[in-house]
Amino acid sequence: MNRPQSPNIRLKKTPANTGSQRSSRMAGNAKQRYEHYLALAREKALSGDRIEAENYYQHAEHYFRSAAAIEPAAQETSL
C-alpha cells in the first residue's frame with residue numbers, strides 16, 4: 001500500500017538533482033542525432049562490437065527517417 005508523501009520532504013542536493021547539469025536526454029534536431037548515432041556506430045564497429053554497432057546504426061536510421069520526413073514538411077510551410 002502506498003502512503004502519500006509529506007509535502008515537507010525535500011530531496012538532498014546531489015549532483016544528479018541540482019538542476020545545474022543537463023538532463024540525460026540528448027538535445028538537438030533529428031539530423032544532429034542521426035550524425036551522433038552514426039558516429040557512435042562507427043566507433044563500436046571499429047572496436048569490434050558488432051552488436052552494439054548495429055544498435056547504434058538502427059538508432060541512426062530512425063533519426064535519418066525522421067529528418068527525411070521533417071524536411072519536406074518544413075519546405076511546404078516556408079512557401
Side-chain angles (χ1 to χ4, degrees):
M1 183 171 10
N2 293 335
R3 296 186 314 176
Q5 291 185 347
S6 170
N8 295 331
I9 295 176
R10 293 183 184 222
L11 296 174
K12 292 181 182 179
K13 291 286 186 179
T14 61
N17 64 8
T18 57
S20 63
Q21 296 179 351
R22 290 187 73 144
S23 69
S24 62
R25 297 186 69 168
M26 209 174 113
N29 61 31
K31 184 174 186 246
Q32 291 169 333
R33 290 181 180 196
Y34 163 72
E35 293 168 354
H36 174 76
Y37 280 113
L38 191 58
L40 289 174
R42 287 178 179 151
E43 180 183 326
K44 290 296 182 179
L46 289 173
S47 72
D49 191 346
R50 295 184 315 163
I51 304 296
E52 198 67 27
E54 179 62 27
N55 179 36
Y56 285 132
Y57 279 127
Q58 289 178 6
H59 279 77
E61 181 184 18
H62 166 75
Y63 287 111
F64 177 80
R65 292 174 184 264
S66 296
I70 292 169
E71 185 88 17
Q75 289 176 356
E76 289 176 9
T77 58
S78 65
L79 294 177

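As the structure is a computational prediction, the values presented were derived from the model and not from experiment.
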Please name all residues satisfying ring-ring contact (aromatic ring centres under 6.0 Å, His included) with Tyr63, sequence neighbours left out, ordered by chain then number.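 Residues passing ring-ring contact (aromatic ring centres under 6.0 Å, His included) with Tyr63: Tyr37.
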Side-chain polar contacts of residues 50-57 - donor-acceptor pairs under 3.5 angstrom, sequence neighbours left out - could you list them?
unit_1 : atom_1 : unit_2 : atom_2 : d
Glu54  : OE2    : Gln58  : NE2    : 3.2
Asn55  : OD1    : His59  : ND1    : 3.3

Salt bridge (charged side-chain N to carboxylate O under 4.0 Å, His left out): which pairs involve residues 59-69, sequence neighbours left out?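 Qualifying pairs: Glu61-Arg65.
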What pair of heavy atoms forms the shortest contact from Ile70 to Ala30, and how long is it?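 Nearest pair, atom of Ile70 first, then Ala30: CD1-CB, 4.5 Å.
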Excluding sequence neighbours, so at least two apart, what forms salt bridge (charged side-chain N to carboxylate O under 4.0 Å, His left out) with Arg42?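 For Arg42, no residue satisfies salt bridge (charged side-chain N to carboxylate O under 4.0 Å, His left out) once neighbours in sequence are set aside.
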